[in-house]
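Please read the structure below before turning to the comments.
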Amino acid sequence: MQDQHLPTLIAPFKLARQGQTLHGVVSVDGLERLATVLSDGKGLIDVSLQFGKDQQGSNFVRGHLSAKVNMACQRCMKPMSVDVETDVSLGIVASEERAMQLPEGLEALIVEEEPMALARIVEDELILALPIVTLHENRDCEPVLEKLQAEAERIEQTEQKTNPFAALSDLKL
Ligand SMILES: [Zn+2]
């Protein structure tokens with residue numbers, strides 16, 4: 001694994017023309033849209049992207065992203081480590097109209113202006129690859145909601161058993 005930090009800004013058309021590859025890491029910290037779905041900014045994304053031109057002369061970027069990030073467990077709301085991996089395969093185009101002309105099934109990376117943020121590719125692809133449901137294995141998980149519900153039931157039962165005027169006498173103190 002290389003831990004070379006990648007540039008923040010890239011010029012996809014130029015990289016494709018030159019047939020360049022990008023290998024390195026991007027820090028999760030600082031990816032704002034990704035941050036909204038993660039529990040913290042810890043974690044590095046391993047990025048491996050190959051830029052080039054195919055036989056039809058279309059620009060493309062293909063590769064792989066992998067990361068270990070922290071997301072909230074939906075049962076206990078505590079952070080848990082999640083492995084995310086995804087393949088990238090995008091046609092690089094200059095406009096929406098050009099995007100329509102891409103072969104079916106090939107997603108577009110619309111680059112209206114160079115340079116653009118590398119984060120746009122990394123974030124979009126990674127957000128799509130995140131699990132929809134994140135839950136701890138049972139032994140790691142203390143379900144907050146169930147605990148609260150159990151507690152509420154317990155209080156309710158206790159209140160029913162006690163004299164309703166007891167609560168009032170508490171208030172006088
Ligand atoms: Zn949990």
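What you see below is based on every heavy atom in this structure, not just the backbone, and it leaves out hydrogens, waters and symmetry mates. Along the sequence shown, residues carry numbers from 1. We count ligands from 1, going down the list as the structure has it; atoms in each ligand are counted the same way.
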Grouping ILVMFWY residues whenever side-chain heavy atoms fall under 4.5 Å, the cluster of Leu128 otherwise contains none

If you draw a sphere of radius 2.8 Å around the Zn ion (ligand 1), how many protein N/O/S atoms end up strictly inside it?
4

Under a single-linkage definition using a 4.5 Å side-chain heavy-atom cutoff for Ile, Leu, Val, Met, Phe, Trp and Tyr, are Val37 and Val84 assigned to the same hydrophobic cluster?
yes

What residues, two or more places apart in sequence or in another chain, satisfy salt bridge (charged side-chain N to carboxylate O under 4.0 Å, His left out) together with Glu97?
none

Hey, which of Val88, Leu34, Val47, Leu38 is the one that makes side chain to side chain contact (heavy atoms under 4.5 Å, CB included) with Leu126?
Leu34

So, Asn59 and Lys53: side-chain donor and acceptor under 3.5 Å apart, yes or no?
yes

Under 4.5 Å between side-chain heavy atoms, chaining through other members, with only Ile, Leu, Val, Met, Phe, Trp and Tyr counted: pull out the rest of the cluster around Leu106, sorted by chain and number.
Val93, Leu102, Ile110

